[in-house]
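Some notes on the structure that comes next.
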Amino acid sequence: MAQLPKLAVFDLDYTLWPFWVDTHVDPPFHKGSDGAVRDRRGQTVRLYPEVPEVLERLQGLGVPVAAASRTSETEGANQLLELFDLVRYFVHREIYPGSKVTHFKRLQQKTGVLFSQMIFFDDEKRNIVDVGKLGVTCIHVRNGMSLHTLTQGLETFTKAQAGP
Ligand SMILES: [Mg+2]
């Protein structure tokens, strides 16, 4: 039985959805009668297509999920998680600017999970470098979060537990 992380942490912009919530779209957001999520200008906003399945799979595996985003648009990001019906998956959300070392220290305080038992998915190298120094298994996401990236990440985590 492969060892699973005790917490999976996701970046938001360009990891769960293909835009910067503080730059490319215009909050507040709303959901139309057709179920589509739109911004203030009526522009439709979407998740990367496999994101709901990724979160569903982690839930099925019993791995809790958290968010760590350094966007300054905290309200818009939380609103999107609600409108996309993803809030139920997240045990914690750390959404504010600054180095993600702060986000992870708070996540550790809140959950009691050791950094070595966490996995983190993010599209930005600077966050991978910062958080990697804490001992978290960091996965560099390219072209958005997918089931394939999740599987690869969990394999990387298992190998990291086995040691060098
Ligand atoms: Mg990002």
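Numbering of ligands and ligand atoms starts at 1, following listing order. Both backbone and side-chain heavy atoms feed into the values below; hydrogens, waters and symmetry mates do not.
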Quick check: of its N, O or S atoms, which one does Asp13 have closest to the Mg ion (ligand 1)?
O

Where do Val113 and Gln108 come nearest, in terms of heavy atoms and distance?
O-CG, 3.1 Å

Has the side chain of Thr74 got a donor or acceptor atom that lies under 3.5 Å from a matching backbone atom of Ile95?
yes

In terms of hydrophobic clustering (I, L, V, M, F, W, Y; side-chain heavy atoms under 4.5 Å; direct or indirect links), are Val51 and Phe90 co-clustered?
yes

Specify whether an N/O/S atom of Asp11 falls short of 2.8 Å from the Mg ion (ligand 1).
yes

Specify which N/O/S atom of Asp123 comes nearest to the Mg ion (ligand 1), by atom name.
OD1

Judged by atom type as modelled, is there a donor-acceptor pair below 3.5 Å linking the side chain of Glu73 to the main-chain atoms of Gly76?
yes

